[in-house]
Amino acid sequence: MAAPHAVVGVEEGSSQTPLILPDSSTGDVTRPLFGTRFLTDPRQVFQHNAWDNVEWSEEQEASAKKKVLENNQPLSPEKQEEYDSRANEFWNVFYTIHENRFFKDRHWLFTEFPELAPQCRLNHESRLEVSESDHSQQESLDHEREVPTLSHTDGDIPGSSATYRILEVGCGVGNTVFPILKTNNDPGLFVYCCDFSSTAVELVKANPEYESGRCFAFVHDLSDVEANFPVPDGTLDVIVLIFVLSALHPNKMQASISRLARLLKPGGVMLLRDYGRYDLAQLRFKKGRCLSENFYVRGDGTRVYFFTQDELHEMFSEAGLEKMQNLVDRRLQVNRGKQLTMYRVWIQCKYRKALAQPLETQDQDKGEDPPGLTFS
Ligand SMILES: C[S@@+](CC[C@H](N)C(=O)[O-])C[C@H]1O[C@@H](n2cnc3c(N)ncnc32)[C@H](O)[C@@H]1O
């Protein structure tokens, strides 16, 4: 659980001075849903560490736009190419330096994305508990659901007998995966997680909480849409993308999301939380860090894009998914000691694969199963 005023890193690259952020930015399982503390009297701003759903004035929006435009002087094509082709190397260096000390566990996931532990619920003290009736409700839901199992003809396929499969892409050192494994006690759960940084994946596997009977970590480049996943198309219940899509070149985002959408079973959901346009992290970039519009490289070579809700909506829709949620989380974080205000902007999305697809889409969706994998 994060300490108050913990130094957290998800929002910032290691190259920049880390912000001292309140614990609400990393969150823990006891925190309420985002968006419940509103600043109605500006004189009260330093009374709390964070304020939700902060409205931006027109002047503030215009000033942010101006700042972004001023910095919009893209680096040379050679530099751009280097940052793209060596992207995983820069992240390997990042994880070699920081190991698992940079990002904090993201326990807020369960309040924002209950799909990650659907059998659990929060009680009034906001502690996780599972009641008898929740179990039986879940069981009946499971029976209603058609649960494809994986069978294999060649070697052991991790998670082949699972009934609820979650994949986290860009898992880093497991700050989402391990909380899921700890919180979701469904015996049918299996968690796949991947990252294109082999250093990160090694750290996940070396973690004492890594249980090979419940999870499988592998190296995978999301932007390589030809690369195989260890599961066939149409077999995942949930795909999680936490601050990872923003690290891809914008030209590769659509194909990557469409590829992932094929892995979802009908009714499966894709969950995303990522940087929003004009977030403090974007406004802090100095000249010489811009790669293309709203896309930047940090001092350590890692890259970051800042999304609008519409851009993400178009991408998910183009991938054949339907909107369940697409919201902007505008938070004012306050460093009371230093009397600093920090305007953060994050976008949170939940998109679902339709239960019954039109015939044409079904044809397009037929993907090659990796060798040795078939549906039973
Ligand atoms: C900001 S970190 C977030 C890590 C983790 N999701 C979390 O919230 O703690 C971005 C992660 O995405 C990974 N990443 C970036 N580009 C990727 C790609 N093309 N394929 C797979 N992983 C990628 C990086 O290695 C890094 O671990």
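First listed ligand is number 1; within each ligand, the first listed atom is number 1.
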Which of the atoms of ligand 1 are close to H220, meaning less than 4.0 Å from one of its heavy atoms? 20 (N), 21 (C)
If we number the atoms of ligand 1 from 1 as shown, the ones under 4.0 Å from a heavy atom of V244 are 12 (O), 14 (N), 23 (C)
Taking both backbone and side-chain atoms of D195, is any N or O found less than 3.5 Å from an N or O belonging to ligand 1? yes
Is it the side chain (CB and beyond), the backbone, both or neither of Y95 that lies under 4.0 Å from ligand 1, heavy atoms counted? side chain
With heavy atoms only and a cut-off of under 4.0 Å, state how E168 meets ligand 1: side chain, backbone, both or neither. side chain
Listed partners of F306 passing ring pair (Phe, Tyr, Trp, His ring centres under 6.0 Å), at least two apart: Y275, Y296
Would you kindly specify which portion of N88 sits under 4.0 Å from ligand 1, judged on non-hydrogen atoms: side chain, backbone, both or neither? neither
Closer than 4.0 angstrom, basic N to acidic O: yes or no for D279 and R277? no
Using heavy atoms and a 4.0 Å limit, tell me yes or no: is K252 in contact with ligand 1? no
As an exercise, identify every atom of ligand 1 less than 4.0 angstrom from a heavy atom of G172. 27 (O)
Taking side chain as C-beta onward, heavy atoms only, is V345 less than 4.5 Å from V328? yes
Considering the heavy atoms of D221, write down every atom of ligand 1 situated less than 4.0 Å from one of them. 18 (C), 19 (N), 20 (N)
Decide ring pair (Phe, Tyr, Trp, His ring centres under 6.0 Å) for F196 and H220; before the verdict, give the C-alpha distance in whole Å, the side-chain angles of both, and the deciding distance to 0.1 Å. CA-CA 5 Å; F196 75 167; H220 183 96; over 10 Å; no
Would you check whether T176 has a nitrogen or oxygen atom less than 3.5 angstrom from a nitrogen or oxygen atom of ligand 1? no
Could you tell me whether W91 approaches ligand 1 through its side chain, its backbone, both or neither, with non-hydrogen atoms closer than 4.0 Å? side chain
Residues at least two apart in sequence or cross-chain that pass ring pair (Phe, Tyr, Trp, His ring centres under 6.0 Å) with F295, listed by chain then number, are H249
Go through ligand 1 atom by atom and flag the ones less than 4.0 Å from a non-hydrogen atom of I242. 3 (C), 5 (C), 6 (N), 8 (O)
Are E82 and K79 close enough for a salt bridge, meaning some N to O gap below 4.0 Å? yes
If the threshold is 4.0 Å, N to carboxylate O, is there a salt bridge linking R259 and D233? yes
Taking F307's backbone N and O only, do any of them form a donor-acceptor pair with E311's side chain (distance below 3.5 Å, no angle check)? no
Ion pair present between R344 and D329, side-chain N to carboxylate O less than 4.0 angstrom? no
A student comparing V173, L245, L222 should find that the heavy atom closest to atom 20 (N) of ligand 1 comes from L222
Atoms of ligand 1 close to A247 [distance to a heavy atom under 4.0 angstrom, numbered from 1]: 15 (C), 16 (N)
